[in-house]
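Inspection log for the structure reproduced underneath, given as structure tokens.
Since the structure is predicted, the reported quantities are computational estimates derived from the model, not experimental observations. The residues of the chain are indexed from 1 along the displayed sequence.
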Amino acid sequence: MYEMYGVAAGVIGGISPLGGTGLLLGTFAGAAVWQTLENGLNMIGAQVGIQRLVIGIIVVFSVLLDVVVRSGNFGKKSS
């Protein structure tokens, strides 16, 4: 399951799953965010299923944000 951790860390760090563009530093930042979230959820006593759900929601949000930003519709007003 380590492949999924690597992909999720890259996506959280800003690497585009659609085109593969991004920085290695972003992947490290994504891994740090992932680990911080996991440790924080462990410290408050969240169950493993809840931890996976929270991190999964963050990954999905990151992908959606990447798609919106790269499509060029981010910040444009419709008229």
Side-chain angles (χ1 to χ4, degrees):
M1 227 133 118
Y2 291 117
E3 297 89 6
M4 184 62 179
Y5 294 148
V7 170
V11 169
I12 291 172
I15 293 180
S16 174
L18 302 175
T21 58
L23 299 173
L24 184 59
L25 188 60
T27 303
F28 287 126
V33 168
W34 176 294
Q35 192 61 44
T36 302
L37 281 170
E38 196 168 288
N39 285 339
L41 290 169
N42 274 333
M43 290 178 79
I44 64 171
Q47 296 176 356
V48 175
I50 300 296
Q51 293 176 15
R52 301 289 186 245
L53 182 67
V54 168
I55 294 173
I57 289 170
I58 291 172
V59 170
V60 168
F61 178 73
S62 298
V63 170
L64 289 175
L65 184 65
D66 179 65
V67 168
V68 169
V69 168
R70 293 191 190 276
S71 70
N73 295 330
F74 187 73
K76 291 185 179 178
K77 295 181 181 179
S78 60
S79 49

*Do you know the tightest heavy-atom contact between Trp34 and Ala9?*
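Closest approach of Trp34 to Ala9: CE3-N, 4.5 Å.
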
_Testing Leu37, Val33, Val11 one by one against Ile58 for a side-chain contact (heavy atoms from CB on, under 4.5 Å), which residue passes?_
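Of Leu37, Val33, Val11, side-chain contact (heavy atoms from CB on, under 4.5 Å) with Ile58 is met by Leu37 alone.
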
Please tabulate, one pair per line, all N/O donor-acceptor pairs under 3.5 Å involving side-chain atoms of residues 40-56, not counting sequence neighbours.
{"unit_1": "Asn42", "atom_1": "OD1", "unit_2": "Gln51", "atom_2": "NE2", "d": "2.5"}
{"unit_1": "Asn42", "atom_1": "ND2", "unit_2": "Glu38", "atom_2": "O", "d": "3.4"}
{"unit_1": "Gln51", "atom_1": "NE2", "unit_2": "Ala46", "atom_2": "O", "d": "3.1"}
{"unit_1": "Arg52", "atom_1": "NH2", "unit_2": "Tyr5", "atom_2": "OH", "d": "3.3"}

*OG1 of Thr27 to CD1 of Ile12: how many Å apart, nearest 0.5 Å?*
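Thr27 atom OG1 to Ile12 atom CD1 measures 10.5 Å (nearest 0.5 Å).
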
